[in-house]
Amino acid sequence: MYGFPLESRIFALCDCNSFYASCEQVFAPGLSGQPVVVLSNNDGCVVARSTAAKGLGIGMGVPYFQIRDLVQEHQVKVFSSNYELYGDMSQRVMEILSQFAPAVETYSIDEAFLDFSGWRWEQSEALGHQLRQIVKQWTGIPVSIGIAPTKTLAKVANRVAKGSTGGVYALKEEAIAQLLATLSVDEVWGIGRHHAKSLQAQGVTTALELQQVQPQWVRQKYNVVMERLVWELRGVSCLPLELSPGSRHSITVSRSFGRPVTTCAELGAAIATYTSRAAEKLRQQQLSAGAMQVFVSTGRFATPCYRQSQTVTLPSATNHTATLIQQSLAATQRLYRPGYAFKKAGVILLDLVAAAKPQLSLLHPETGGRSEALMSVMDAINRRYGAGTLQYAVCGKPSGWQTKSEQRSPCYTTQWSQLPVVLAESPPQSKRPYAQP
Amino acid sequence: MLNAVWVSWVGVSPSVALGQPLLRSGVAAGFPSPAEGYQWGSLDLNQHLIQHPAASFWVRVQGDSMVGAGIHDGDLLLVDRALPAEHGSVIIAVVDGGLTVKRLWKRLGKMQLVSEPTTHSPWEVSSDATFEVWGVVTHAIHAVR
């Protein structure tokens with residue numbers, strides 16, 4: 001009908017490089033360029049690797065005991081995860097992005113989509129470089145930025161950006177096919193392992209082949225979500241900001257409110273709802289979370305304007321709605337400030353680990369219906385009378401079985417008692433003193 | 001064109017106000033109260049000190065080599081990484097992998113770090129090994145008792 005698209009869209013994905021390891025390096029600059037790994041809750045598996053650590057062949061998700069020899073041989077610096085630090089640094093990066101980009105979707109603790117629509121390509125690329133430079137200078141965190149006509153393609157572009165020296169890559173229409181040919185179908189954003197296998201069985205092995213299948217066929221054989229993906233690979237934007245398939249590393253539920261929210265109770269209700277939703281997703285994927293970030297925002301155009309987040313490490317990894325809500329409501333109370341009109345809030349579950357086995361039979365899928373009912377009653381009571389009014393006795397008080405974190409770094413940015421120390425030492429006496437100018 | 005937009009965005013720096021209003025007028029109609037504009041009056045140190053919240057960090061001083069600049073052992077320093085390090089700036093520098101507080105001295109195209117151990121003594125040039133600027137110190141908080 002139209003000879004040209006009515007509106008061409010441009011999205012950018014800004015992704016922090018080796019985020020947790022980079023956070024550690026900011027405050028221990030002696031480690032820059034060195035092999036650094038960060039372990040999951042309980043010091044179990046590798047969840048982040050600096051570039052040098054990747055170079056040693058340390059894989060993502062590898063159990064710590066398997067790399068112990070490598071760690072000793074190459075003097076790899078090992079950290080327990082410090083979500084309080086990573087959450088605060090993430091909040092800084094997101095705040096910078098929302099200051100400089102027109103619209104931002106926080107996709108995970110270390111990724112954000114930006115909407116550059118309305119800009120020309122050259123402008124977008126220049127803005128990408130400026131953003132990268134400013135985030136690095138202001139926070140010390142290196143980021144890569146992929147720019148493309150759709151979010152799915154921006155994700156692909158980001159991989160190229162990561163490998164490039166400039167850290168920014170704009171994927172223009174003419175280069176799409178060539179790049180997708182090099183990408184295996186299971187690496188496409190939003191394609192789960194199950195669907196990837198099925199596609200491969202049908203002879204669709206590369207992202208380019210997926211791009212070229214009939215969208216209608218995909219809808220019939222799979223679903224509309226998959227069809228959208230095919231369109232996205234073709235450069236037709238179907239996923240606006242705030243609509244994204246899940247991430248493998250974190251679960252985010254965040255929404256803009258229909259109307260501004262000003263009371264702590266209302267804000268808490270929203271956060272509790274998002275937490276329930278996130279916990280549901282967690283259980284669907286048979287995962288537990290070891291940490292959680294809660295953020296609230298007035299939006300950057302509000303006066304007064306306020307955006308803040310809190311990250312808590314949970315006493316033990318859990319996918320239990322009530323436990324998660326209890327934590328998120330406590331965080332909300334610490335975040336809430338009267339006098340602000342809140343426009344947006346969200347919950348990010350982090351440090352995801354396979355749920356070994358359901359801690360409580362209530363969570364067992366077989367008893368799904370009844371336990372859901374029980375949980376919603378419980379949630380309602382807690383929401384009304386305060387978090388923790390009603391909780392499972394089995395949660396109890398932590399006593400000795402808490403998270404193991406032997407090598408956790410200080411909370412440099414969130415605890416007065418743990419600030420970075422700067423030395424003010426006189427130079428060696430042998431140095432010749434200068435006359436004061 | 002791009003530059004112009006860029007500059008205007010830099011101006012949009014959200015202040016993270018942590019103070020709470022002392023009183024708020026509940027009535028929207030009628031004459032504005034003479035206190036209007038002053039009633040959000042609880043003093044917020046963050047607002048006063050911090051220009052770039054996302055780029056600002058607190059650090060603690062250990063040592064006496066900057067006493068001449070009013071920076072004592074145990075003081076808190078506010079560091080703003082968004083500011084450019086200029087000649088004469090007190091900065092946090094990365095030296096030998098550690099964080100150090102020094103004054104930056106740019107002379108004849110060379111950059112050097114200097115200490116100020118006392119108010120009147122000559123400045124001392126630190127070991128001029130390579131260093132990186134970590135951030136610019138904007139304030140020192142010193143307890144007087």
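Letters go in sequence order (proteins before strands), and every chain restarts at 1.
Heavy atoms from other residues, nucleotides or ligands lying under 6.0 Å from NE2 of B:H87 number more than 12. Within 6.0 Å of atom CD in A:E266, more than 12 heavy atoms from other residues, nucleotides or ligands are found, so the atom counts as buried in its surroundings.
For an aromatic pair to be called close, the ring centres must be under 6.0 Å apart, and B:F57 with A:Y412 fails this.
Only the side chain of A:T413 comes within contact range of chain B, with at least one heavy atom under 4.5 Å from a heavy atom of that chain. Heavy atoms closer than 4.5 Å to chain B are found in the side chain of A:M89, but not in its backbone.
With A:L419 as the partner, the side chain to side chain contact (heavy atoms under 4.5 Å, CB included) test is satisfied by one option alone out of B:V59, B:L76, B:V61, B:L77: B:L76.
Nearest heavy-atom pair, B:W58 versus A:P420, reported as atom, atom and distance to 0.1 Å: O-CD, 3.3 Å. A pairwise comparison of heavy atoms in A:K136 and B:R81 identifies O-NH2, 3.4 Å as the closest pair. Between B:L83 and A:Q137, the shortest heavy-atom distance links the atoms O-NE2, 3.9 Å. For the residue pair A:P29 and B:V94, the shortest heavy atom distance occurs at CB-CG1, 3.6 Å. The heavy-atom pair separating B:S115 from A:E425 by the smallest distance is OG-O, 4.1 Å.
Atom CZ of B:R60 and atom CG of A:L423 lie 14.0 Å apart (nearest 0.5 Å).
In terms of non-hydrogen atom pairs under 4.5 Å with chain B, the most contact-rich of A:V135, A:V26, A:V422 is A:V422.
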